[in-house]
Colleague: 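Quick one: the structure is below, and I'll ask about it shortly.
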2 protein chains.
Amino acid sequence: MERTSAEKILEIAQELVQTRGLNAMSYADISEQLGITKAGIHYHFPSKDNLILEMVKRYHQNFRYGTAHVNTISKTGLERLEKHMAYHAGLVQIRALCLCAMLASDSESLSEDVRFEVQAFFNTSRAWLSDALEFGRRDGTLTFRGSPDLEAAQVLALYEGAMLLARAWNDVERYNEPVQRYLATVSTI
Amino acid sequence: MERTSAEKILEIAQELVQTRGLNAMSYADISEQLGITKAGIHYHFPSKDNLILEMVKRYHQNFRYGTAHVNTISKTGLERLEKHMAYHAGLVQIRALCLCAMLASDSESLSEDVRFEVQAFFNTSRAWLSDALEFGRRDGTLTFRGSPDLEAAQVLALYEGAMLLARAWNDVERYNEPVQRYLATVSTI
DNA sequence: TTGACAACTGACCTACTGGTAAGTTATTGT
DNA sequence: ACAATAACTTACCAGTAGGTCAGTTGTCAA
């Protein structure tokens, strides 16, 4: 099965939101990149709100798939954190922000449905990070004080903030520096 | 000397940008809140780009004044960090983000001048945090490994990220939780 | 008293926003 | 062969964006 138009629209729209922000992305932009008219996009996604909601759901789902995959191929907790970090470094490199970080800053322009889905994504992220931290503590690759869940909340904030700062310079190193320094702190190796 | 119109415009515009984002703030919004026409605002700030530049310069200057004041009234490095944290908690409470964090996410819509000024603000923030950390290490209230400058970069990322996440829930506790946990980590008390 | 200037207003401009309605085209299953 | 449907296009809409320009008003120095 080929990629459907709806999927292509979501893909293009997502990259536009991640690089420019919600209110700097328009149906006209998607139309131009995809080569179908604005009305054609409205056929698949009646309203912008609808489009964004589907987009966040897809992003959330892809995160679940991605992290599940990371879990199967990583042997240690440290390795999981490193893969997570590397993925986000890739986003910074294409001038993008985590979709939900971008939407959190554009939070005031969001419908309640979308805001809930953004929160759900962050909950999933935090839970996965918490698992990875606990996993690493058990296998001896990670060390930290207190509950994995609270540590995860801190790591999530660090990651999202580092991505934001890296954007100001358009320089991945501004992301890598603090994040790798954190990993060095918790790593036992 | 009373507050001039130009100052009032900057004040209102700044709050709008901090709460809604750059592209969700318009001259019409400022006009409505201030009670003068759009053209009246264009008299003081010919273009939006010009307005934003002046706004960031003012924000940066106010940060300098604010932190200088914190330096004079705080006896310890820990106290300085706590005051910094409390200020940003106040922003979250009014549904605002750090102005430069917001502009970093709207980075693609910015002129080069503004981007430089945003970078300059983050440099000042980092330098001040670095100073506070070093100060705290000397007076014995703070403890951390490695250079204060690198620690400062990490703290800055943590703060900005925590603010962003708190916005997703519109809940200050989402900011306080990771930030206070960090303070507990570095505090010797 | 007058003239100059700062600080506006009102009316207007073009470009673009999300969104709609009616019609077209190609591919189906019957 | 035909009707139904999915996937569009063309043409349009009202509202808003940032921005301009010719005037108006109030103040204040000469």
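Predicted, not measured: the structure shown is a model, and the values here were computed from it. Convention: sequence-line order gives letters A, B, ...; per-chain numbering from 1. Note: hydrogens, waters and symmetry copies are ignored here, and every other heavy atom, side chains too, is used.
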Colleague: Could you walk me through whether Leu110(A) and Leu103(A) pass the side chain to side chain contact (heavy atoms under 4.5 Å, CB included) check?
Modeller: CA-CA 8 Å; Leu110(A) 261 38; Leu103(A) 293 180; 4.0 Å; yes
Colleague: Give a yes/no answer on whether the side chain of Ser26(A) brings an N or O atom under 4.0 Å of OP1 or OP2 in dT17(C).
Modeller: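 Checking Ser26(A) against dT17(C): at least one side-chain N or O falls below 4.0 Å of OP1 or OP2.
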Colleague: Donor-acceptor pairs are to be reported for all side-chain atoms of residues 39-48 of chain B against protein atoms at under 3.5 Å, with residues two or more places apart or in another chain.
Modeller:
{"residue": "His42(B)", "atom": "ND1", "partner": "Pro46(B)", "partner atom": "O", "Å": "2.9"}
{"residue": "Ser47(B)", "atom": "OG", "partner": "Asn50(B)", "partner atom": "N", "Å": "3.1"}
{"residue": "Lys48(B)", "atom": "NZ", "partner": "Leu22(B)", "partner atom": "O", "Å": "3.1"}
{"residue": "Lys48(B)", "atom": "NZ", "partner": "Met25(B)", "partner atom": "O", "Å": "2.7"}

Colleague: Should the side chain of Lys38(A) and the base of dG18(C) be counted as holding a donor-acceptor pair, with the cut-off at 3.5 Å?
Modeller: yes
Colleague: Taking atom CD as the centre, does Gln61(A) end up with more than 12 heavy-atom neighbours from other residues, nucleotides or ligands that are less than 6.0 angstrom away?
Modeller: yes
Colleague: Apply salt bridge (Lys or Arg N to Asp or Glu O under 4.0 Å) to Lys83(B) and Glu79(B), showing your working.
Modeller: CA-CA 6 Å; Lys83(B) 293 245 164 62; Glu79(B) 229 176 290; 3.6 Å; yes
Colleague: Taking atom C1' of dG19(C) as reference, at what distance in whole Å does atom CG of Asp49(A) sit?
Modeller: 13 Å
Colleague: Quick one: sort the Tyr159(A) and His84(A) rings into parallel, tilted or perpendicular, breaks at 30° and 60°.
Modeller: tilted
Colleague: Give me the residues of residues 27-35 of chain B where at least one heavy atom lies under 4.0 Å from an atom of DNA chain D, by number, or none.
Modeller: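 Per residue number, the list reads Tyr27(B), Ala28(B).
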Colleague: Measure the distance from CD on Glu7(A) to P on dA7(D) and round it to the nearest whole Å.
Modeller: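 About 12 Å, once rounded to whole Å.
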Colleague: Measuring from atom CD of Glu160(B) to atom OH of Tyr175(B), what distance do you get when rounded to the nearest 0.5 angstrom?
Modeller: 8.5 Å
Colleague: Do any side-chain atoms of residues 166-173 of chain B form donor-acceptor pairs under 3.5 angstrom with protein atoms, and if so which ones, sequence neighbours left out?
Modeller:
{"residue": "Arg167(B)", "atom": "NE", "partner": "Ala104(A)", "partner atom": "O", "Å": "3.0"}
{"residue": "Arg167(B)", "atom": "NH1", "partner": "Thr19(B)", "partner atom": "O", "Å": "3.4"}
{"residue": "Arg167(B)", "atom": "NH1", "partner": "Arg95(B)", "partner atom": "O", "Å": "2.7"}
{"residue": "Arg167(B)", "atom": "NH2", "partner": "Ser105(A)", "partner atom": "O", "Å": "3.0"}
{"residue": "Arg167(B)", "atom": "NH2", "partner": "Thr19(B)", "partner atom": "O", "Å": "2.8"}
{"residue": "Asn170(B)", "atom": "OD1", "partner": "Arg95(B)", "partner atom": "NH1", "Å": "2.6"}
{"residue": "Asp171(B)", "atom": "OD1", "partner": "Glu173(B)", "partner atom": "N", "Å": "3.0"}
{"residue": "Glu173(B)", "atom": "OE2", "partner": "Asn176(B)", "partner atom": "ND2", "Å": "3.1"}

Colleague: Got a sec? Which of residues 8-25 of chain B come in under 4.0 Å of DNA chain D, heavy atoms?
Modeller: Met25(B)
Colleague: Would you mind classifying the nucleic acid contact of Thr37(A) as base, sugar-phosphate or nothing, using non-hydrogen atoms under 4.0 angstrom?
Modeller: base
Colleague: Let me check the geometry of the helix from dT1(C)-dA30(D) to dT30(C)-dA1(D). What is the bend angle between the axes at its two ends, five pairs each, to 10°?
Modeller: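 Taking the rotation axis at each end, their angle is 0°.
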Colleague: With salt bridge (Lys or Arg N to Asp or Glu O under 4.0 Å) as the test, would you mind laying out the steps for Asp29(A) and Arg20(A) before giving the verdict?
Modeller: CA-CA 11 Å; Asp29(A) 294 324; Arg20(A) 301 185 191 174; 3.3 Å; yes
Colleague: What I want to find out is whether Arg3(A) reaches Glu11(A) closely enough, with some N-O distance under 4.0 Å, to be called a salt bridge.
Modeller: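 Salt bridge flag = yes for Glu11(A) with Arg3(A).
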Colleague: Quick one: do Arg138(B) and Glu134(B) make a salt bridge, cutoff under 4.0 Å?
Modeller: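 Here Arg138(B) pairs with Glu134(B) in a salt bridge, since their nearest N and O are under 4.0 Å apart.
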Colleague: What's the verdict on salt bridge (Lys or Arg N to Asp or Glu O under 4.0 Å) for Glu151(A) and Arg145(A), showing C-alpha distance, side-chain angles and the deciding distance?
Modeller: CA-CA 8 Å; Glu151(A) 182 76 13; Arg145(A) 287 187 206 166; over 6 Å; no
Colleague: Is there a residue in residues 39-47 of chain B whose heavy atoms reach under 4.0 Å of DNA chain C, and which residues are they?
Modeller: Ala39(B), Gly40(B), Tyr43(B), His44(B)
Colleague: Would you indicate whether the side-chain heavy atoms of Asp106(B) and Asn23(A) approach each other to under 4.5 Å?
Modeller: no
Colleague: Which nucleotide sits closest to the side chain of Lys48(A): dC8(C), dG18(D), dG18(C)?
Modeller: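 Minimum distance to the Lys48(A) side chain belongs to dG18(C).
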Colleague: Counting heavy atoms not belonging to Glu15(B), are there more than 12 under 6.0 Å from its CD?
Modeller: no
